[in-house]
Structure formats: C-alpha cells, structure tokens
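Below is one structure; the comments refer to it alone.
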Amino acid sequence: MSCPHTESDRPLPPGASAKVHREDCTQCFDSIDDLEGLNVCLSCFNGGCVGERNHAEAHYKLSNHHLVLNIKRTKKAIVERDEPPQKMSKLAIKAESDDDRFDIKKAVFCYGCNGKELDTTSGPLAKAVEGVMAAMSSSRQTEVKAWEEELTACEHTLCLEQDVKKNLEAQNLAHCTSCDLKENLWLCLQCGNLGCGRAQFGGVGGNGHGLSHYEDFNHPVAVKLGSITPEGTADIYCYKCNDERIDPELASHLAYWGINIAEREKTEKSLTEMQIEQNLKWEFSMTTEDGQELKPVFGKGLTGLKNLGNSCYLNSILQCLFSLPIFQKRYYEDVQDKPLECLNPAEDLETQLRKLADGLISGRYSKPDSSIVSSHSSAEIPHQKGLAPSMFKSLIGKGHAEFSTMRQQDAFELLLHLFKLITRSSHNATLQDPVAAFKFAMEQRLQCLSCKKVSYKTDIQDNITVPVPARRIKQASEDMEVDATGGTEIGAKKDVFEPVTIKECLDIFTEEEILEYTCKACGSKAGAKKHSKFKTFPEILAVNCRRFEIINWVPTKLDVPVVVGDTPFSLDAYVSKGLQPDEEELPKDALEVKPKQSFNPDADSMLSLQEMGFPANRCIKALYHTGNSNSEDAMNWLFSHMEDPDIDEPLKLDDASSGPQVDPEQIEMLGAMGFTAAQSKKALAQTEGNMERAVEWLFSHPDDMGEEDSSSAATESAPQEAGPGDIPGNSNLPAKFQLDSIVCHKGGSIHAGHYVAFVRKDLGAGDKDAWVLFNDEKVVKALDVKEMKKFAYVYFFKRT
C-alpha cells in the first residue's frame, strides 16, 4: 500500500534559489556524518538531526511535513596505488565531489506512517530525492561565495576603446615584451601589449612591466592570460581604479586581437585563488620557542570554528563572547528546558545563537579529527574538524553591505553589529539581553572658557575606543614579513615603537580637549574645554585600541605595544564627579544641534560609483535623480548625462540653504581613505569642515556610520543620550577589571590578514588560569600570551 502523504505533501525538487540544509542540523551541529544521519524535510528542506535530540521529529510535529530524506555519509577508505599519479600539464581547478570522497546512503521515511520507509525508485519521490542531492547545500553556497569576490565593471572596462586591430601571433603571447617571464602575463586590452604583473603571494614572479606600460601610455585595462577560461571568466585589472574588475565584453575584446576565448585553457591561479591561499596560510605561531608544537586541548568550551574562507574575524569574536558567563547562561544554561518552536530555524537569530552556544560550550564536538592520524614520521598533531558557522554568518550578514560578502572584515565592527542584532532580538525577564552586561554610562563635561559655566551630558555606550600614542624609537627597525595583502615587500623595514600602558591610553581617552565653541550663556567665542569620564561601569568592558596613523592620507596600522597586566587594575581614577555645588550650569540646550535637512546619498551606492572612478559630485547627482535606489541605475543615468554642462557642479536643492555645506572634494578625499560618504559628511559637519579634525573624529567614532534620512534608521551602536532613570551599569567603587580575552590581528590592514582569539580558561588539574589560543578550528594551550597581549586589537575586561 502506497503512502497517502506522497499525494498530500506533493514533494518537488528544490528550486535554484532554495536553501537545502542537507549537511548539518539547523538547530545543532549534528550532521550527515553522524551514525543516525540527517533528515531533510522534503517540503521545506529543513535539516534535522535524528539522534538523541531528534530535531527532525520536532520539526515534523511543528510543521506537519510528513516526508523526510535521511542522508548518512561515511568516508571512503583511501586505496593505495602502485602507479604514479597522472602528470599535470596545466593547472586544473577541480573540486572533488561527495561521491569521490564518501559513501552516501539515502532513504525516504514518512513520519505520518510511523516512520515507514518508502520506495524511491520512481515517481515524484525519486525526482525530489534526486533534486535534493543535486542541489547546492546552504553551507556549500556560502563556501562557494568564499572563493569569489564580488566584482563590478568600471567606466574604463565599459567604455574601452581599442587601438588598431591586429592578430597577435602565438609567439607574441609567449613571454613579456620587456623581459623573459613566461607566466603572470597581462595583456593590455587597448593596444595588445603583453607585460608581466607584479610579484605575488606564493612565489609568483613579476617585474611589474604591465604596470609600467599603464604609467607610460595610460592604458588602464588588462587581462591575465593564464586565467582566461572558455566560459568567459578571467582576471581583469584596471590600473586606473587600482582594483579587480569584470569586462562584460571580454570575448569580443580578445577576438579583436585574434584570440578565440573558446580555445583558451586556464593554466594559472586567479588572483582570488591566490588571495584565498594567502588568507588560509596566515598563521599565528603554533609552536613554542624551542620549536615544539603547541598541543591541542579538548573539552567543554574548547571547540574550534572552521574558516569559511575569510571568516576568522567572526570566529575570533564568537570565541570571546561565548567564553563569557553572561552569554553561556543566556544561550546555553538557561535554555536547556526551553525548546524553541520555529518553522524556519536557519533564519531565526535566537535559534542560531543557541546552536552556536551548544556547539562551542557543550564539548560534544570537541574531539580530534579522526581523518588525521599522527605518527612518529609526521609532526602534524590531530586538531578538531571545527564547526562551520555558515548559517549564522549568512543570517547576520543579510542586508549588510560588508558582512554579507566573503571579504575579510574588521572584527571590532562585527562586534558592534552583533550587539545591535542581539539587542533588537526578543528577550524577556528570564532570558535577558546579554549585551546589557556591556552597557555603561559616560558623562561628558563641557565648560565655557569665558564664563566658566558647565554642562553635563550622559551617553550610553557598550564599548570604548582608546587612542594609542605612537612614539618611534629612533634608528630602530625590524625586518617585515611578506604581506601581499598589506602591500609590503620582502626586506621592507617597519618602525619600532616605545611600549605604552593601557593606563596611558585611558588617560588620553579621558583627558580634556579644547573645542571651538560659542557660549549661549555669555556669547563668548573663546571656546570650551571638554572631557568624558565613566558615570557607571559595565560588567564586561570591550576596548578597541586604535593603532592607526594617517600617512599620505592613508590609515596605516602601527605595531605599538600596549602593556596590559594579568592582575586586576582599577578604573576609579576615571570616574566622573558630576555637577559640583560650586558649578553653575549652562542653558540646557547648550549642546543641542538643530536638525538640518539635506540629501544623503546611499553610502554603499556612493562607494560603488566612486570605486568605478566617478567623481563625488557626479555620484551624488546620479543617486539624487534616480531615487537614491542603487548604483546600477545611477551609473546608467551618468552615462546618459556625461555631456551635461553642470555635471561636475555640486547638487543644488531648493532647501539647500538649510542643509550642511560640505565640500565634495573633502568627501572624495575621505572616501579614498575608506570612509563612506555618510561618515565623511557627519565628520566634516561635526568639525566645521576641518579636514584634519574630521579624520581624527572618524577614527575616534568607528561605530558611527553617519547621518541617516530617518531617525529610526540611526546607527544604534553610536553613543545614545540617556534619559532620567535610564542609566545602565554600576557606579559602586572600587571598579576593578581583569583581562578575560583578546582578539589579535596579523597583517597590514584590519580588512586583510588573519584574526585569532586568546581566552583565559580554567583547564582544571591545577591549571585554573590558563590562556587558550583559538586559531579557527585549532584550539591549543598558549604557553606565552605576553607578547600577543601587547598587540591585541580588541580587549575584553571582566569586572572583578
């Protein structure tokens, strides 16, 4: 007798855009590699574990979706072969399929028929099963994006005009026209010149003759010959934009020089492949000073996270957060008997946070990778497989211009983004917002230099960014390692700086500064002095140390050592005293700024257009006239209005007189430093158009994304003014804090290189105050964290 639910549920293969969760459970990290396998719902393609927790059955009871596909995967034994491997004649980028590496068993069951196994040899079930197995899994979708950069065309590729047509003979494509290099060759699409590229990560040679050709003849667009595929993909570089691009007309541009793209073969790694290889090779030292490898540790709270390509910034922050008791209690300990009822767990933040907490804290997944066998002849120590946080990353990045991509990101910016998302999510009296433990009040004191009257303002914050003074040691430098992403070269020297203490950084953070100020009490323009100190203290203090210096208008990371001790230290000296009896207050509106109306171009679209080479004024006009919707519409508008006589004049609005007057050239200069138009406008408005002060303001307000059109869209991570009786934190003294964890960064830029976390842990057996290094899936006991503490990027201090 056939199952009636095959008719009622009508299983269909997943569509091209459907997310198929067929590798791990959406509510825990149990997977198809476990003994019982994974059940994939044939109605909504949710993945549920079948073991002790049985999230698959819970999903059935909630959704009434009867049919599931059970998938079990076991690794194939490696067969030793006597014959030598096939010789490689070209670089073949071929991904192993699951069938190559695993034995996979499939079966369909019906919960509505008491778990009866169904025949899948024909009919709609057979097509549904085939579709599920052929579909790209949700985690694989994320991994595939990890190997791709989101590239766009620019005006130089779109408007390319080629010189006199000719057929390039094979001998003319054999080596660089200026030297004998036969690889890393770049063809100028404008004139057909062949020049070698710059030296690249991994020992790829290059003398930069392609760049020299651009500097001599101003031909900006080139294609890397060895990267061209018959499908029409290739590395395109625009020297004028100084970035990778795409060329929608690549086939015709190559045909112009007699090159048939259908006959090309990919023989070299692409730039993206080399960047990823470099990212994965970034290593913090995993050995002791005497060369012994640090031994991995396993157990509760000692589970690693896989690097999804460029996700070490995420992994490091998550390890620090879930090592804190407040996060452990909120998402693990207090929810053991409170199962969630959610039809789409992969899209629910609460579910994904609980999944992460269970994975990182329980210790269920903290075990050596059984596929790696250590031996006397191998120095490799078996580490963990690590958990892949792909669902969580996809969820928190949704709709975000940066975190939705697979590029490396700033770990501190991610922390602030997570704070916003967690605070916005649902909490109640028993399951409170864990970010509340980070919140505190800073009190700002402003005093007129003329009449001496004062004003106090309270801001609510969940972090502080402290400046780090840079004092170079004369005639001292160190050899710098190869850093392809950061742009440094072999043999380059880096400056050596005097160490500073965390106390000195806090002293500078809370010291008085002189402001330009017109007093509303006495009318004097003599200015005012201002400082901010703690009104209350949080349970957990997150500190970002700003080790940057503006060199030729480029923010450059400096390796300034910050000395932080292991023992608790006091912050009592940084407490605000509040209004004193002998002080007279300024009028209450002394610090208020009346809102100004102006057109605020979409920051992401603005950045995309400027990266294409369009001047700031043109970008603003284009976005204004296309409804501020997206960069593509704006670009089309620009191409159709290139000849407008006023195309380069600033945008004029009817109410422009009431809006802030910001110099577009200054916005463009700040944009070149990596700041968005919204951030630049706000910084210039806050500093009365002073460029140097605007740069300082931007670095001291890294969490402020600039002005928004709607007050509801204002950046929530920026300090918020507190109302009466709405002050978080604790003002009791003494206020002593001890370092609990750090996020460290290696590389020339926070948007490149590699992040790891060091966390203070109780490892038991007399080792109650140990430091553990979380380097993605590698989790080891760190024997000497002293040097790492000096160069950390984010510090988490716990109140004692």
Side-chain angles (χ1 to χ4, degrees), residues 19 21-38 46-53 55 71 73 75 137-143 145-146 280 296-324 327-328 331-332 335 345-346 348-372 382-397 403 406 411 414 418 741 743 754-757 759 761 772-780:
K19 289 190 175 182
H21 303 287
R22 62 174 173 82
E23 292 194 342
D24 63 341
C25 177
T26 54
Q27 298 185 59
C28 68
F29 284 98
D30 288 359
S31 71
I32 58 176
D33 297 318
D34 293 320
L35 186 63
E36 297 86 354
L38 190 79
N46 176 75
C49 59
V50 194
E52 179 183 350
R53 302 181 179 195
H55 288 129
I71 309 173
R73 186 172 71 178
K75 198 161 188 176
S137 70
S138 60
S139 61
R140 184 60 58 85
Q141 286 177 344
T142 304
E143 289 175 4
K145 289 178 70 177
L280 295 178
V297 290
F298 306 95
K300 291 185 176 182
L302 299 170
T303 305
L305 292 169
K306 283 183 181 177
N307 192 324
L308 303 176
N310 282 310
S311 63
C312 53
Y313 69 97
L314 170 68
N315 295 348
S316 300
I317 289 294
L318 289 177
Q319 293 290 4
C320 291
L321 289 180
F322 282 98
S323 72
L324 298 169
F327 268 80
Q328 295 178 356
Y331 293 111
Y332 182 67
V335 298
D348 180 66
L349 182 62
E350 175 76 18
T351 303
Q352 292 307 307
L353 284 166
R354 292 190 187 188
K355 174 179 174 176
L356 268 175
D358 174 68
L360 294 176
I361 299 167
S362 68
R364 297 174 69 237
Y365 310 97
S366 180
K367 49 191 175 184
D369 184 352
S370 58
S371 65
I372 300 177
H383 289 279
Q384 306 172 30
K385 284 185 178 180
L387 306 176
S390 49
M391 285 186 204
F392 182 76
K393 186 180 186 305
S394 174
L395 180 61
I396 64 167
F403 301 127
M406 282 297 169
L414 173 79
L418 288 178
S741 62
V743 172
H754 188 58
Y755 288 95
V756 299
V759 181
K761 293 277 186 179
V772 173
L773 164 60
F774 291 86
N775 184 1
D776 292 327
E777 73 278 4
K778 300 180 181 71
V779 183
V780 299

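Contact annotation: the side chain of Q27 never approaches that of R53 to less than 4.5 Å [non-hydrogen atoms, C-beta and beyond]. In this structure, F322 and L353 have side chains that are in contact, with non-hydrogen atoms separated by less than 4.5 Å. The side-chain heavy atoms of L356 and Y331, taken from C-beta on, include no pair separated by under 4.5 Å. Counting only heavy atoms from C-beta outward, the side chains of I396 and L314 approach each other to under 4.5 Å. Side chains of T351 and T26 form no contact here, defined as non-hydrogen atoms less than 4.5 Å apart. Side chains of F774 and N315 form no contact here, defined as non-hydrogen atoms less than 4.5 Å apart.
Note that the CZ atom of R73 and the CG atom of D34 stand 10.5 Å from one another [nearest 0.5 Å]. We find the CD1-OG distance between I317 and S741 to be 8.5 Å, quoted to the nearest 0.5 Å. Going from atom NZ of K393 over to atom CG of L305 covers 13.0 Å, rounded to the nearest 0.5 Å. Note that the SG atom of C49 and the CD atom of E36 stand 9.0 Å from one another [nearest 0.5 Å]. Atoms OG and CG, from S311 and D776 in turn, are 6.0 Å apart once rounded to the nearest 0.5 Å. The CG atom of L395 sits 6.5 Å away from atom CD of Q352, with the distance rounded to the nearest 0.5 Å.
G386 and K306 make their closest contact through O-CE, 3.4 Å (heavy atoms, listed as atom of the first residue, atom of the second, distance). V759 approaches Q319 most closely through the heavy-atom pair CG2-O, 4.3 Å. Residues P389 and L387 approach most closely at CD-O, 3.2 Å, considering heavy atoms. Considering all non-hydrogen atoms of both residues, V779 and T303 come closest at CG2-C, 4.0 Å. Nearest approach of N46 to P345, heavy atoms of both residues: OD1-CD, 3.5 Å. The nearest pair of heavy atoms linking H55 to C28 is ND1-SG, 3.7 Å.
A side-chain donor-acceptor contact under 3.5 Å links D30 and Y365. N775 and H754 share a donor-acceptor pair across their side chains, judged by distance under 3.5 Å alone.
Remark: E350 pairs with R330, R354 by the side chain to side chain donor-acceptor pair (under 3.5 Å) rule, at least two apart or across chains. Residues passing the side chain to side chain donor-acceptor pair (under 3.5 Å) test with S31, sequence neighbours excluded: none.
Here the side chain of K761 pairs a donor or acceptor atom with the backbone of G301 at under 3.5 angstrom. A donor-acceptor contact shorter than 3.5 Å links the side chain of S316 to the backbone of C312. Checked by atom type and distance alone, the side chain of Q384 never pairs as donor or acceptor with a backbone atom of D369 at under 3.5 Å. In this structure a side-chain-to-backbone donor-acceptor pair under 3.5 Å is missing from D358 to Y332.
Ring geometry for Y313 against F403 counts as parallel: the plane angle stays under 30°, on a 0 to 90° scale with 60° as the upper cut.
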#### Entry: Pair H383-V780, side chain to side chain contact (heavy atoms under 4.5 Å, CB included): steps then yes or no
CA-CA 9 Å; H383 289 279; V780 299; 3.6 Å; yes
### Task
Go through the steps to decide whether L38 and E23 satisfy the test side chain to side chain contact (heavy atoms under 4.5 Å, CB included), and finish with yes or no.
CA-CA 7 Å; L38 190 79; E23 292 194 342; 5.7 Å; no
